[in-house]
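Every value quoted in this text rests on a predicted model; they were computed, and no experiment measured them. All chains are named by letter (A, B, ...) in the order of the sequence lines, taking the proteins before the strands, and each is independently numbered beginning at 1.
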Amino acid sequence: MSIPRIIGKELASVKENIPFNLATVISPLLFLGAFAVMVSGGITIPVETQPAASGSAFLQATEEYRAPDGTPYLELEAAPAEGVPDGRSADRYIVEDEPIVGEKGATGTIVHLVNDVNSNMTKNYANRLTGALVDYIDANRNVGTIEVVEQTRYEEDIPWDESFAVSALVFGAMLAGLLFGQLSMTSEWENATAKLLVLSPCPAMYIVAGKVVAAFLKALVAGVVLVGVVALMYGRTLASAPWLVASLCLMYVAFASLGLALGIAVRSAMTAFLVSLVASLCLWVAGGGFGDLSYFGQAAQVLGMVNPATYALDAVRYAYFGGVASPTPLIVLAAGATLTVAAVCALYARWTRSERAVS
Amino acid sequence: MSLFIQELKKLLVLTKADPKSLAAGIIAPTIILVIFALTFGNFVALKLAVVDDDAGDLGTAFQEAVFSQTSPLSGEPYFEAIEADADEAARLYEQGRVNGILTIPEDFSERLTSGASAQIFYAFDNYNTDMAKNLRLYLDEGIFTFYQSHMSGMEIEVQREYAVGAQLDWFAIIAAGVFMLAFLMGSMFNFLYLLNKERVYATLSEYRLAPVSLLPTFAARIVVALLAGALGAGVNALLILLLTGVNLANRLLAILPVLLVLGVAFISFAAIVSLTVRKFSGAAMLSMVTAVVAWFLSGATTSVKYATGVLLDVALALPSSYGLSQIRAAVFGVDQSVGGLLAAGKGWLVMGTYAIVLATVAWFVYRKRLGGGAPMRYALLRRLRTRA
């Protein structure tokens, strides 16, 4: 049986389980939508103030304190009453002594009332208060201040939700590749045709190539849908379409191969699906998809170096936003894809020769 | 009652005979927890290359102010300084080995001591607004400290007071959410896996011949699924204790009812989707993915009290938002609810409604798909009696 016929058979088998194939296309979309919604509020967080902003020049300035792209850091609302807030409220900035800034000095006392056990939110509120104070001092004093001249990589900050959505493409690539890859094998188990595969005179490499190519093509369809949705949501002109195509295609090949290996090892589609979902999620988080890797310690950095998602994220971000064009991510992905295909060929060949293959 | 017990025994034997389903339900959330521990449980300082060309002493003082600021999140400094010359700094920045370059020009001290304003140059990667925000505001922490120590007449004071009893690592907050996810994933997966197994063994058709109601069998499946979820969550809780010191067992009495109600809701949802769609595997997959997505949207990584707009609307529509809020409130001793909408009373109303409605619909779908419906059963019995 030639490779094109194997590919044809794999593609025709989509009709056997349309819901599964559809679910494989829809699942990354669900995650994309969820992640985009999760950070849709951007970098603005609510804060209660005492007094109301109208009662304090400093608080009025804080209300106008923004990132260079115009996004306010804080959304001020007057605290409903004095005294300790209930646990449902945001943190509070209390102006005990109104800050007065002049050329000869600056006075004032602000209390940051922490109302969340999450130390990350305490950090966020503390940073914004400090930033607002620095901004207020710089605006009202001409001597002894420090002007920060920024030289950013991109002309404008990339919106958080758009950056997240782009990184979700990598998650989608891993998930689709694994799911279609494992389905090409678990469907053989479920249809009781695994024996026929083992007995086939067709070289192992042909069968693996056919299955991986077919899974790649199906994953490509899922990827086109995902990229299309991102394009509709944000309408950004790609900095480099070839980079996007190359990085995603290499991920599809690598993960379709890994999915095939998973399907050989795990005979149940349900179990293989769960492994695929968790593996994609963990690789994505550990690769810097959820939070930049530079925030995390040595263990995460070491993991990141051997994680294909790390390189895919770099490549896809460059494809969308431009920046520094280093070929390293694509080289690593290409090497990884080649190695995984070779490894799966060897694994498949070994499996067909194994006595357990037909048990 | 005896049918319930018999079905329970059968499902437990089935589970025991194929421990892969249990293992998957335990291992999956464990790996998720470990990955979050390695990342969000281990924050370190961002690296900045520093090029100090200042001819005076204030450049050094400014550096010290910037790099001595510590984060309430990790207790670590916000920044780690990498001293370099301009070329080396640029090389490190291009390679992505530092997050930015802080350049203090030659006239920094001179301008400040002469009473003018000074400049610093800050190059950084603003590839997303959140990272850019952190890089800017962390630098402002250093600038403010420098103003306090070197600006004449600078007497602005910031005090921090606490309306809460403790400050917790962000990972501990996330871990409580992973615990809930472990329970839900374990339960849903067990329910779907056992149903699929019987579908593959072709034993589901025997349900059509049952002369009595299938309700006890449905109830037994839910109970076994909840037990499987509890096992997975238990393992997860042990790991959370090891990683964070947070003992979820202490608040078990408060957490258990929440998990049970949410478990019934999510298992019922999985049952509805997988039994309605003709091809089981695709529907089962979609229902599990939806559960994970719902987990993210329910405030998995941070409280929904900071959510606004679409995110808040979506979060408030999900029963898991209320459940997670109550679990965190019980474990950390805080009220995580927002404006009354996530208050305990309303939370129980929402979760309970989801559980009752979904369980009812799931029961009808289960009965129709497995039992063939009462008319079919009676027709079958009539035919058998006629032949006899």
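In terms of heavy-atom pairs under 4.5 angstrom with chain B, the leader among Gly42(A), Gly108(A), Ala279(A) is Gly108(A). Put simply, of Ala286(A), Ala34(A), Cys282(A), Gly291(A), the one with the most heavy-atom pairs under 4.5 Å next to chain B is Cys282(A). Chain B forms more heavy-atom pairs under 4.5 Å with one residue of Gly131(A), Ser40(A), Gly323(A), Ala299(A) than with any other, namely Gly131(A). When each of Ile101(B), Leu286(B), Ile27(B), Thr113(B) is scored by its heavy-atom pairs under 4.5 Å with chain A, the top score falls to Leu286(B). Ranked by heavy-atom pairs shorter than 4.5 Å toward chain A, the options Arg111(B), Met185(B), Met131(B) are led by Met131(B). The candidate with the highest count of non-hydrogen atom pairs below 4.5 Å against chain A, out of Asp130(B), Val158(B), Leu38(B), Leu112(B), is Asp130(B). Chain A forms more heavy-atom pairs under 4.5 Å with one residue of Tyr127(B), Phe40(B), Phe36(B), Phe124(B) than with any other, namely Tyr127(B). The greatest number of non-hydrogen atom pairs below 4.5 Å with chain B, out of Ile146(A), Val37(A), Val285(A), Thr107(A), is found for Ile146(A). Comparing Lys197(B), Glu76(B), Met154(B), Lys47(B) by heavy-atom pairs within less than 4.5 Å of chain A, the highest count is held by Met154(B). Taking chain B as the reference chain and counting heavy-atom pairs below 4.5 Å, the highest number among Asp97(A), Thr328(A), Val324(A), Asp69(A) is found for Val324(A). Chain A forms the most heavy-atom pairs under 4.5 Å with one residue out of Glu155(B), Gln95(B), Arg136(B), Gln119(B), and that residue is Arg136(B). Of the residues considered (Ile137(A), Val275(A), Thr186(A)), Ile137(A) shows the highest number of contacts with chain B, using heavy-atom pairs under 4.5 Å.
A side-chain donor from one of Asp18(B) and Tyr193(B) sits under 3.5 Å from a side-chain acceptor of the other. With hydrogens and angles left out, the side-chain atoms of Asn115(A) and Tyr162(B) include no donor and acceptor closer than 3.5 Å. A side-chain donor from one of Asn191(A) and Glu16(A) sits under 3.5 Å from a side-chain acceptor of the other. A donor atom on one side chain and an acceptor atom on the other are not found under 3.5 Å apart for Asp116(A) and Tyr125(A).
Of the two parts of Ala300(B), neither the backbone nor the side chain holds a non-hydrogen atom closer than 4.5 Å to a non-hydrogen atom of chain A. Only the backbone of Glu156(A) comes within contact range of chain B, with heavy atoms under 4.5 Å apart. If you measure heavy-atom distances from Leu277(A) to chain B, the contacts under 4.5 Å come from the side chain alone. Heavy-atom distances place the side chain of Asn99(B), and not its backbone, under 4.5 Å from chain A. Contacts between Thr152(A) and chain B at a heavy-atom distance below 4.5 Å involve backbone atoms as well as side-chain atoms. Of the two parts of Ile43(A), only the side chain, counted from C-beta on, holds a non-hydrogen atom closer than 4.5 Å to a non-hydrogen atom of chain B. Within the 4.5 angstrom heavy-atom criterion, no atom of Phe58(A) approaches chain B. Residue Leu175(A): no heavy atom, backbone or side chain, is found under 4.5 Å from chain B. Interface remark: Tyr93(A) contributes no atoms to any contact with chain B (heavy atom separation under 4.5 Å). Interface remark: Ser268(A) contributes side-chain atoms only to the contact with chain B (heavy atom separation under 4.5 Å). Using a 4.5 Å cut-off between heavy atoms, Val143(A) touches chain B through backbone and side chain atoms alike. When heavy atoms are compared at a cutoff of 4.5 Å, Asp161(A) does not approach chain B at all. Looking at Val39(A), there are no atoms closer than 4.5 Å to chain B (heavy atoms on both sides), in backbone or side chain. With a 4.5 angstrom heavy-atom cutoff, Phe164(A) does not touch chain B via any of its atoms. Residue Ile94(A) does not touch chain B at all, counting heavy-atom pairs closer than 4.5 Å. Using a 4.5 Å cut-off between heavy atoms, Ser71(B) touches chain A through its side chain atoms alone. Using a 4.5 Å cut-off between heavy atoms, Ala28(B) contacts chain A through both its backbone and its side chain. Heavy-atom distances place both the backbone and the side chain of Arg128(A) under 4.5 Å from chain B. Residue contact with chain A, scored on non-hydrogen atoms closer than 4.5 Å, is absent for Leu102(B).
By the 30° and 60° cut-offs, the orientation of the rings of Phe146(B) relative to Phe62(B) is perpendicular. Ring pair Phe296(B)/Phe290(A) is tilted by interplanar angle, where 30° to 60° counts as tilted.
Between Glu80(B) and Leu46(B) the shortest side-chain heavy-atom distance does not fall below 4.5 Å. Here the side chains of Asn118(A) and Leu168(B) are not in contact, with every heavy-atom distance at 4.5 Å or above. Side-chain contact between His112(A) and Val114(A) is present, with heavy atoms from C-beta onward closer than 4.5 Å. Looking at heavy atoms from C-beta onward, Asn21(A) lies in side-chain contact with Leu183(A) at the 4.5 angstrom threshold. A heavy-atom distance below 4.5 Å is not found between the side chains of Tyr122(B) and Val149(A).
A donor-acceptor pair is defined here as one N or O able to donate and one able to accept, closer than 3.5 Å; such a pair exists between the side chain of Asn126(B) and the backbone of Tyr154(A). Side-chain atoms of Trp189(A) never come within 3.5 Å of backbone atoms of Val266(A) as a donor-acceptor pair (strictly under, hydrogens ignored).
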Evaluate side chain to side chain contact (heavy atoms under 4.5 Å, CB included) for Tyr147(B) paired with Asp138(A), printing each intermediate quantity in order. CA-CA 10 Å; Tyr147(B) 285 172; Asp138(A) 291 346; 2.6 Å; yes
With side chain to side chain contact (heavy atoms under 4.5 Å, CB included) as the test, would you mind laying out the steps for Arg92(A) and Glu161(B) before giving the verdict? CA-CA 10 Å; Arg92(A) 194 179 285 181; Glu161(B) 292 176 5; over 6 Å; no
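The minimum heavy-atom distance between Arg317(A) and Gly289(A), with the atom names listed, is NH2-CA, 4.3 Å.
Geometrically, Arg153(A) engages Tyr93(B) in a cation-pi contact, judged by NZ or CZ lying under 6.0 Å from the ring centre and within 45° of the ring axis.
Just one residue in the list Asn127(A), Asp157(A), Asn124(A) forms a side-chain contact (heavy atoms from CB on, under 4.5 Å) with Lys133(B), and that residue is Asn124(A).
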